[in-house]
Amino acid sequence: MPISKASGMFFISFDTILSHISVCLVYICNKSINMKKRMNIHRLAVLALLGAAMNLSAAPSALKLWYQQAAQMWEEALPLGNGRLGAMVFGNAAKEHYQMNEETLWSGVPRDGNNEEAYAVLSLVREAVDHGDYAKAEQLWKEHAQGPYSARYLPMGDLFINMHHDTIVSQYCRELDLRTAVSKVMYRVGTDAYERTTFISYPDQVMVVHLQKKGKKGMRFDVQLTSDLRYELSFSDHQDYILKGKAPIYVAARDYDPMQLVYDQELGLDFEMRIRVLEEDAQLSFQDQRLTISAGNEVTLLISGATNYDANSKAVISKSIKPSALNLSTLDKLKGISYDKLLSNHLSDYQSLFGRVELSLGKVQGTKEKLPTDQRLMSFEKDDRDQGIPVLYFQYGRYLTIAASRAGGLPTNLQGIWNRHVFPSWGSNYTININTEMNYWPTDVTNLSECFSPLADFVKRLSVNGEKTAKVNYHISEGWTAHHNSDAWAMTNPTGGYAADPKGAPRWSCWPMGGVWFCQNLFDHYLFTGDIGYLRDTAFPLMEGSVRFLLQWLQKDKSGYWVTNPSTSPENRFYYRDKEGKRIEGSVSKASTMDMALVKDLFYNYLRAADILHVKSLDIKEVVTHLFPYQIGSKGQLLEWSEEFEEQDPQHRHASHLFGLHPGQQILPRRDYQLADACRNTLLLRGDGGTGWSMAWKINFWARLEDGNHAYRMLRNGLKMVRVTGTATKGGGTYPNLFDAHPPFQIDGNFGGTAGIAEMLIQSHAGYIHLFPALPDQWQCGSVKGLCARGGFIVDMSWDNGVITHLTIRSTQGGDCVVASSLRYGKALASDKDVQLMQTHPSPLLKDSMPVDTSVNMDGLHILSLHTKKNNTYGF
């Protein structure tokens, strides 16, 4: 068993342990031994190997976050999750702290936030816009069209484990292994070795904490539960330690709100945390509101959490659902289960998803890989030769996707499922003018399509509430809309605190395009998966509902074009001159570039979807051909609004007007040269700064422009380590635990960064698979396995100094496929040539019914044309 030495500690790799376990299992299976003996040998083999490693820390690994000290702040703790339960592990040896969340624990109750005054003033808003009085339009909207703020996503509670041993420890190490979704804390107290292993199981729906000690005596420790919400503690006849709590019905969005926190005994969500000790021979005592446990050298805690939130009920909060009954059911199902079985269930589920993609970006300096993650991140800022950091960051985004978005749950919010504040920044809600959509950019391309369903389910609920908002606020009789914020109650009304909140701003509240953007995510998911049932039953009806809304929202102005009015470009502002020449700030106008790009994207995809499904579409072709076009400004930039206003913040974090470049597919650099140049100029004027998620979006923009070095520059900027936890709109980066810093923490930057790295390696939005479209100079060699392309293709490839040394394409749907590479193939398979992407794209999933110029210049690319059969693999 190979052992290496580092930092004064011995290390043994998890892979080595697994390989030895496999050998043991093969031996067991080949022997004629009864089942009971086999199980005993299996357990002994596992325990022997784990016992041999008890006083040894796991090795530094390319896919581990690890540290030599406990977390001092939340942004240093390590996240665990199963889509529903989330925990931040601080890793203190003597007093462990788990800060816990449950995805359905929100403030508030279902409510109608629609505002009838909005319709009464809508014509006046439009009239003011048409007359160029943008300040009046903004004032009218603020005073009459806004509604309440969203609910707040809340922390559930805190679990502390107080060890009854000396606080002086040695050989300390904590880690999170992305390959296993298991967190460990390892240390010594004198001659005794301790190891605390934690994971949150999706199949078994519990958090598992396994404590081990190698020493003469057993363990003794206290377990304590607390919450920042109202709660009470008890100890049940089931030998369960219980925290019962109540969520507030109102949490203020502003610190000057006189009602900061409001509870109601009858209203609001109920929740419960419940802890059960797995080993029946452990000695338990409950006193002073804490549980004391005395046990041998191993003990396992099972932690369950639940609320009475019911997504299937119109009431959403269900009095018939009892959190205690849910927790009891979960824990009782695990009666008699072993820790080994719990771990095996967890690993089988998690690794079936995470193991699909492997990435290497060349050799990693051995000395850098041996550094703790925080030190390694700081080192990367000065010396970026450690390309293991981008790999770790990429795979961390995939890990977070699996940990925060699983079938049957809610989609990831601004912080995924991890939040410690009762008053979180922006409510830790669903901000749907970029952030929620960005959360799902890496899902399909990085082979995690199963994690997409929570978003699709959520959009269905939005469409129901959005029909009411369309009717009440705008008297639009068909279709649905959603504005820039939502929550667990699927709120769709404009926010802003009505007219009362001085900070309520139409620059973000006046934006009924959230549903339109979600339709882009929905259709893109179909293009990756080819799931015709999903397209027919889920995506297409939602898209058609959004189209119906737009057909009544759009206005034909004096230019002869169809425009949105009122319109904003989230969340930016501009200066204009009034009739007296006075310079005035505005935000509400007409036909913002983002609005029109979203409309074009939806109409285009809707017609494609109808064609694929062989169903009759709504008659929108006249509107499509007369939508307000893109405009280019005096600096060669893509205009953000319908005319060239002076920008209030030329380096604003939002670059919404580039939607047509990414994630849309309207602006293709190999076809739309002038518009692509305008996007490039816009990005140069915007600069390379911004918040964490803003820099992540810029990675994707530059990748679409096939500028790998600039995309890499944005990636490197985003990986700058920061410790700032306050709110800011500039100066983002990455926290020591690799969470994205807005600041504060917002998870969309992690997901946008992972998607950006994938976008640098593979693109498929233009009707063909483009390999290495934005490969930076730093990635001269490497390999990737399991990335997905639209059309239902899975790609493995290796490269070295400008040459593809290996390429495998697996077709999940069949159909013709054009592959274009910016690198040379290892042997001459085809000569360079222009390829005409005709009315019917090579893949049936990319069928096109729009009369547009589809000629794409393929100069400098190396072309392969494949006719594929479903589930066949093609290697080169």
Side-chain angles (χ1 to χ4, degrees), residues 81-87 98 100-110 151 153-159 200-209 223-249 263-280 284 286 289 291 300-337 341-342 345-346 349 406-410 417 454 457 461 488-489:
N82 68 351
R84 187 178 66 84
L85 293 173
Y98 298 93
M100 298 193 64
N101 291 94
E102 204 277 352
E103 67 167 358
T104 64
L105 185 55
W106 290 67
S107 68
V109 295
Y153 178 56
L154 301 171
M156 180 169 60
D158 296 271
L159 164 62
I200 305 183
S201 169
Y202 178 72
D204 292 318
Q205 287 296 306
V206 290
M207 183 168 86
V208 179
V209 180
V223 175
Q224 186 171 14
L225 289 172
T226 66
S227 177
D228 290 333
L229 307 178
R230 287 186 177 176
Y231 73 97
E232 58 183 26
L233 298 173
S234 63
F235 188 66
S236 77
D237 294 339
H238 297 84
Q239 302 289 290
D240 294 343
Y241 181 33
I242 303 167
L243 181 150
K244 290 183 180 291
K246 189 75 176 178
I249 61 168
Y263 285 92
D264 186 289
Q265 191 59 35
E266 297 300 320
L267 303 176
L269 283 163
D270 299 322
F271 69 96
E272 183 191 87
M273 297 174 64
R274 186 176 286 252
I275 300 178
R276 182 173 294 179
V277 179
L278 187 64
E279 289 77 14
E280 294 182 357
L284 311 181
F286 180 68
Q289 301 295 291
L291 179 67
T300 308
L301 307 179
L302 305 181
I303 300 95
S304 181
T307 77
N308 62 333
Y309 177 93
D310 182 5
N312 298 317
S313 167
K314 291 182 179 179
V316 183
I317 295 179
S318 173
K319 293 301 181 182
S320 64
I321 295 177
K322 303 298 182 184
S324 58
L326 293 176
N327 284 332
L328 276 171
S329 175
T330 297
L331 293 171
D332 287 348
K333 287 177 184 176
L334 302 178
K335 187 175 182 180
I337 197 172
K341 178 60 176 174
L342 286 165
N345 291 347
H346 164 70
D349 166 72
R406 298 299 297 269
L410 291 173
I417 54 171
D457 294 342
R461 294 176 55 214
W489 317 117

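- Between Asp270 and Lys244 there is no salt bridge, since no side-chain nitrogen of the basic residue lies less than 4.0 Å from a carboxylate oxygen of the acidic one.
- Put simply, the side chain of Ile337 reaches to within 4.5 Å of the side chain of Asn345, judged on heavy atoms.
- Residues Glu102 and Thr104 bring a donor and an acceptor atom of their side chains to less than 3.5 Å of each other.
- The shortest side-chain heavy-atom distance between Met156 and Leu85 falls under the 4.5 Å cut-off.
- Within the 4.5 Å cutoff, side-chain heavy atoms of Leu225 are placed close to those of Leu233.
- Two residues are said to be in side-chain contact when any heavy atoms from C-beta on lie closer than 4.5 Å; Ser236 and Arg274 meet this criterion.
- More than 12 non-hydrogen atoms from other residues, nucleotides or ligands lie less than 6.0 angstrom from NZ of Lys319.
- We find that Arg84 and Glu103 are not joined by a salt bridge, their nearest charged nitrogen and carboxylate oxygen being 4.0 Å or further apart.
- Minimum interatomic distance between Ile317 and Gly268 (heavy atoms only, all atoms of both residues): CD1-C, 3.9 Å.
- Using a 4.5 Å cut-off on side-chain heavy atoms (C-beta onward), Lys341 and Leu334 make no contact.
- In this structure, Leu229 and Leu154 have side chains that are in contact, with non-hydrogen atoms separated by less than 4.5 Å.
- A 4.5 Å side-chain heavy-atom check between Lys333 and Asp204 finds every atom pair outside the cut-off.
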Handout entry: Check against ring-ring contact (aromatic ring centres under 6.0 Å, His included), Phe271 and Trp106
Key = CA-CA 10 Å; Phe271 69 96; Trp106 290 67; over 10 Å; no
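- Residue Ser107 comes nearest to Ala151 through the heavy atom pair O-CB, 3.2 Å, listed as atom of the first residue, atom of the second, then distance.
- Ring-plane geometry between Trp489 and Tyr309 is classed as tilted, the angle between the planes lying from 30 to 60 degrees on a 0 to 90 degree scale.
- Tyr241 is listed as a side-chain neighbour of Gln224, based on a closest heavy-atom distance under 4.5 Å.
- Side-chain contact, Gln205 with Ser304: no donor N or O sits under 3.5 Å from an acceptor N or O.
- Contact record, Asp310 with Ser318: CB-CB, 3.9 Å, taken as the closest heavy-atom pair.
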